[in-house]
Amino acid sequence: MEQITGSQALMQSLIAEEIDTIFGYPGGAIMPVFDSLYDYHHKINHVLVRHEQGATHAAQGYARVSGKVGVALLTSGPGATNAITGIADAMIDSTPLVVITGQVSSRLLGSDAFQETDVVGITLPITKWAYQIRHAEEVPWAVARAFYIASTGRPGVVVLDFARDAQTGMLDFNYKKITFIRSYQPVPDIEMDKINEAAQLINCAKKPLALVGQGVLLGHAEAELKTFLEKADIPAAWTILGASAMPSAYPLNVGMLGMHGNVAPNRMTNECDLLIAIGMRFDDRVTGDLKTYARQAKVIHFDIDPAEIDKNVKTAVAVLGNVKDTLPAVTRLLKDNKHTGWRNVFKPFDTLEYENVIEKEIFPVEGVLKMGEVVHQVSEAVKHEAIVVTDVGQNQMMGIRYSKFNHSRSCVTSGGLGTMGFGLPAAIGAKFGAPDRMVCLYVGDGGLQMTVQELGTVMQSNVNIKIIVLNNNFLGMVRQWQELFFQKRYSETVMKNPDFVALAAAYGIAGRKVTQREELDSAIDEMLNHNGAYLLEVMVKEKGMVYPMIPAGTCVTNILLGDENG
């Protein structure tokens with residue numbers, strides 16, 4: 001064994017875990033680690049962000065498209081507290097992250113030393129595990145444990161709070177990956193009686209409907225999902241975090257669930273006789289009023305996390321385990337079936353939505369540009385091959401509704417926490433996670449300004465992302481709610497914005513502003529053909545609305561299709 005410092009041990013431990021990219025920002029309490037990083041740049045690419053929140057969101061984007069654990073390296077005090085939003089966002093969206101924060105020397109803990117905060121105490125409620133490293137010899141053990149916990153079972157966040165004296169202390173380095181922790185069972189044992197019960201319910205169902213969540217992506221079970229659906233001929237809808245688990249053109253894909261989802265799958269939730277939830281957690285944006293949600297249906301819930309079973313929706317059969325294993329186990333017991341009549345029931349609602357919402361949004365005949373038509377034209381131009389990243393708000397719903405996906409892991413968005421400012425740093429991380437794929441970011445004028453400083457990261461690291469700013473000079477989603485539910489009292493939602501193209505130019509990023517429909521095609525072509533990052537600002541309808549919409553807390557069949565003005 002060789003004697004090295006705790007900081008060097010951290011670097012070698014990350015390399016042992018096959019980590020090649022980390023996102024971070026240096027500071028006093030983490031300086032020994034960054035000093036050690038200087039000698040490892042040939043093996044570990046460090047991306048210097050402009051704010052610690054940006055580091056965590058970038059690590060999320062990286063993890064979501066690559067399937068690997070994202071890593072953020074930050075300092076103590078405000079460096080750590082600035083990361084809290086990203087930690088909470090990643091945890092609720094089951095994104096595997098290891099966040100390493102500096103900390104004051106162990107002899108100063110509890111003394112209110114300069115830039116000391118109780119990082120473990122703050123982050124315990126929003127992590128899978130939070131641990132403070134006080135001795136150098138703990139580093140290999142803590143790092144191995146961190147990556148195992150973050151990446152196994154239902155993924156999530158681990159925080160390692162690294163005391164400064166532990167960074168400089170010496171140890172005999174010996175790294176062993178962890179594959180077992182007593183009392184931690186990441187994947188529940190498969191219960192064959194539940195497999196049999198689920199198969200029996202599916203074989204007897206006349207009107208089954210599958211709800212596909214991110215668990216399919218996290219479990220790398222896309223192929224197993226298709227085999228399952230095709231054998232029993234089951235129509236399948238998806239949550240926003242489950243987007244791209246099935247190709248958009250897949251025949252059994254019936255659309256998006258939720259508040260701004262498609263009409264047919266939302267309505268059929270309350271018409272089906274069997275609801276099959278696959279790796280999703282029955283979020284309130286999907287269920288609406290639980291008292292009226294799928295009361296007529298029996299529910300099968302496939303999930304890796306026992307805590308999700310019966311938390312919101314009562315199940316008839318809970319099938320615990322990784323869906324990559326449990327779906328094939330059920331599929332083997334299924335009869336070849338056809339539900340042509342049931343699947344045809346969806347079609348009139350698809351037509352209704354197309355004529356009342358979609359056609360007006362993506363093919364407007366007059367008036368100012370609309371968000372949906374911009375997204376639709378970009379998606380068509382990239383032949384549905386791009387990774388789509390969104391911020392939060394109207395741009396998010398439009399970006400996901402009107403993009404199409406050919407490949408898995410092609411949609412990155414903030415689901416459970418709904419974090420404005422997520423988009424730009426997440427797009428940066430996504431590009432590092434999938435460098436050979438195009439990354440298109442949809443962001444509003446409000447969300448962009450929350451993390452706009454990350455344009456500096458784009459500049460310094462030469463990140464080739466395409467940024468589409470859907471600018472309506474409003475905090476659009478809040479304004480939509482004010483219009484519908486607060487008597488059009490637009491309290492503090494009007495935005496006076498900078499010149500985004502000039503701002504991008506200050507960072508050396510090319511750009512163009514579009515105000516007229518006839519400019520859009522050429523601007524999209526210019527953006528996609530530009531060799532490097534590009535910001536396309538499109539001035540869209542100021543008081544545009546995202547429809548369909550199910551008002552919060554109401555029945556999923558209470559769907560608004562818009563107003564006479566579109």
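- Within a 6.0 Å sphere centred on NZ of K298, heavy atoms belonging to other residues, nucleotides or ligands number 12 at most.
- Of the possible polar contacts, one joining the D283 side chain to the R285 backbone as a donor-acceptor pair under 3.5 Å is found.
- Applying the ring pair (Phe, Tyr, Trp, His ring centres under 6.0 Å) definition to pairs two or more places apart or across chains, those involving residues 334-359 are W342-F346.
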Quiz item: Given the rule in the side chain to side chain contact (heavy atoms under 4.5 Å, CB included) test, do E537 and V514 qualify, once you have shown the distances and angles that lead to the verdict?
Solution: CA-CA 6 Å; E537 179 185 8; V514 170; over 6 Å; no
Pairs of donor and acceptor atoms involving the side chains of residues 238-248, under 3.5 Å and at least two apart or interchain, shall be tabulated with distances.
{"residue": "W238", "atom": "NE1", "partner": "N253", "partner atom": "OD1", "Å": "3.0"}
{"residue": "W238", "atom": "NE1", "partner": "G255", "partner atom": "O", "Å": "3.3"}
{"residue": "T239", "atom": "OG1", "partner": "G242", "partner atom": "N", "Å": "3.1"}
{"residue": "S244", "atom": "OG", "partner": "R409", "partner atom": "N", "Å": "3.2"}
{"residue": "S244", "atom": "OG", "partner": "S410", "partner atom": "N", "Å": "3.1"}
{"residue": "S248", "atom": "OG", "partner": "F405", "partner atom": "N", "Å": "2.7"}

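- At least one side-chain heavy atom of V374 sits under 4.5 Å from a side-chain heavy atom of L520.
- Using a 4.5 Å heavy-atom cutoff, the side chains of M371 and K541 are not in contact.
- Between the side chain of N203 and the backbone N or O of L333 there is at least one donor-acceptor pair closer than 3.5 Å.
- Tested against Q60, the residues D89, T95, T419, D93 include a single side chain to side chain donor-acceptor pair (under 3.5 Å) partner, D89.
- Checked by atom type and distance alone, the side chain of E224 never pairs as donor or acceptor with a backbone atom of L327 at under 3.5 Å.
- When atom types are taken as modelled, the side chain of T554 and the backbone of I550 share no donor-acceptor pair closer than 3.5 angstrom.
- In this structure, the separation between CZ on F302 and CD1 on I195 is 6.5 Å, given to the nearest 0.5 Å.
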Exercise. Evaluate the criterion side chain to side chain donor-acceptor pair (under 3.5 Å) for residue pair Q482 and T493; output intermediate values, then yes/no.
Key: CA-CA 9 Å; Q482 289 172 334; T493 47; 2.9 Å; yes
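- Remark: I559 CD1 to R267 CZ distance equals 6.0 Å, nearest 0.5 Å.
- No salt bridge links R479 with E542; every basic N to acidic carboxylate O contact stays at or beyond 4.0 Å.
- The closest side-chain heavy-atom distance from T413 to V389 is not below 4.5 Å.
- Centroid-to-centroid, the aromatic rings of Y402 and H376 stay 6.0 Å apart or farther.
- S94 places no side-chain N or O within 3.5 Å of a backbone atom of A90 that could act as its donor or acceptor partner.
- Between the NZ atom in K431 and the CD1 atom in I465 there is a gap of 9.5 Å [rounded to 0.5 Å].
- Atom CD of Q377 and atom CG of L369 lie 8.0 Å apart (nearest 0.5 Å).
- Among T331, I190, L320, V187, the single residue meeting the side chain to side chain contact (heavy atoms under 4.5 Å, CB included) criterion with T326 is I190.
- Taking a cutoff of 4.0 Å between a charged side-chain nitrogen and a carboxylate oxygen, R512 and E526 qualify as a salt bridge.
- Checking side-chain atoms of R517 against main-chain N and O of G367 turns up a donor-acceptor pair under 3.5 Å.
- The environment of K324 atom NZ is dense: over 12 non-hydrogen atoms of other residues, nucleotides or ligands sit within 6.0 angstrom.
- Here the closest heavy-atom approach between residue I234 and residue A210 is recorded as CG2-N, 3.7 Å.
- The backbone N or O of M539 lies less than 3.5 Å from no partner atom in the side chain of N471, so there is not a single donor-acceptor pair.
- Counting only heavy atoms from C-beta outward, the side chains of N262 and P548 never approach each other to under 4.5 Å.
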Quiz prompt | Derivation of the side chain to side chain donor-acceptor pair (under 3.5 Å) call for N464 and K466 | solution = CA-CA 7 Å; N464 183 4; K466 310 305 180 185; 3.1 Å; yes
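- The residues E308 and R154 are annotated as salt-bridged, a charged nitrogen and a carboxylate oxygen being separated by less than 4.0 angstrom.
- By the 4.5 Å heavy-atom criterion applied to side chains, N558 and P551 are counted as neighbours.
- A cation-pi contact, defined as under 6.0 Å to the ring centre and within 45° of the axis, is absent between K543 and F474.
- In this structure, the side chains of Q480 and Q394 come closer than 4.5 Å at one or more pairs of heavy atoms.
- A donor atom on one side chain and an acceptor atom on the other are found under 3.5 Å apart for Q449 and N497.
- Counting heavy atoms of neighbouring residues, nucleotides and ligands inside a 6.0 Å radius, atom CD of Q296 exceeds 12 of them.
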Quiz item: Going through the checks in order, is the side chain to side chain donor-acceptor pair (under 3.5 Å) test met by E483 and Y490?
Solution: CA-CA 7 Å; E483 182 160 327; Y490 302 130; 2.9 Å; yes
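- Proximity of the aromatic rings of H301 and F282 is defined here by a centroid distance below 6.0 angstrom, and this criterion is met.
- Checked by atom type and distance alone, the side chain of H57 never pairs as donor or acceptor with a backbone atom of G86 at under 3.5 Å.
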Exercise. Dump the intermediate steps for salt bridge (Lys or Arg N to Asp or Glu O under 4.0 Å) on E519 and K513, then the final yes or no.
Key: CA-CA 9 Å; E519 302 174 82; K513 183 175 182 176; over 6 Å; no
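- Of the possible donor and acceptor atoms, one in the side chain of D310 sits under 3.5 Å from a partner among the backbone N and O of T315.
- Using a cut-off of 4.0 Å between Lys/Arg side-chain N and Asp/Glu carboxylate O, D233 and R343 are scored as salt-bridged.
- In this structure, K370 and K360 approach most closely via the heavy-atom pair NZ-O, 3.4 Å.
- Rounding to the nearest 0.5 Å gives a distance of 7.5 Å between CE of M549 and CE of M545.
- The pair D289-K291 fails the salt-bridge criterion, with no side-chain N (NZ, NE, NH1 or NH2) lying under 4.0 Å from an Asp/Glu carboxylate O.
- The line from OG of S151 to CG of L218 is 11.5 Å long, rounded to the nearest 0.5 Å.
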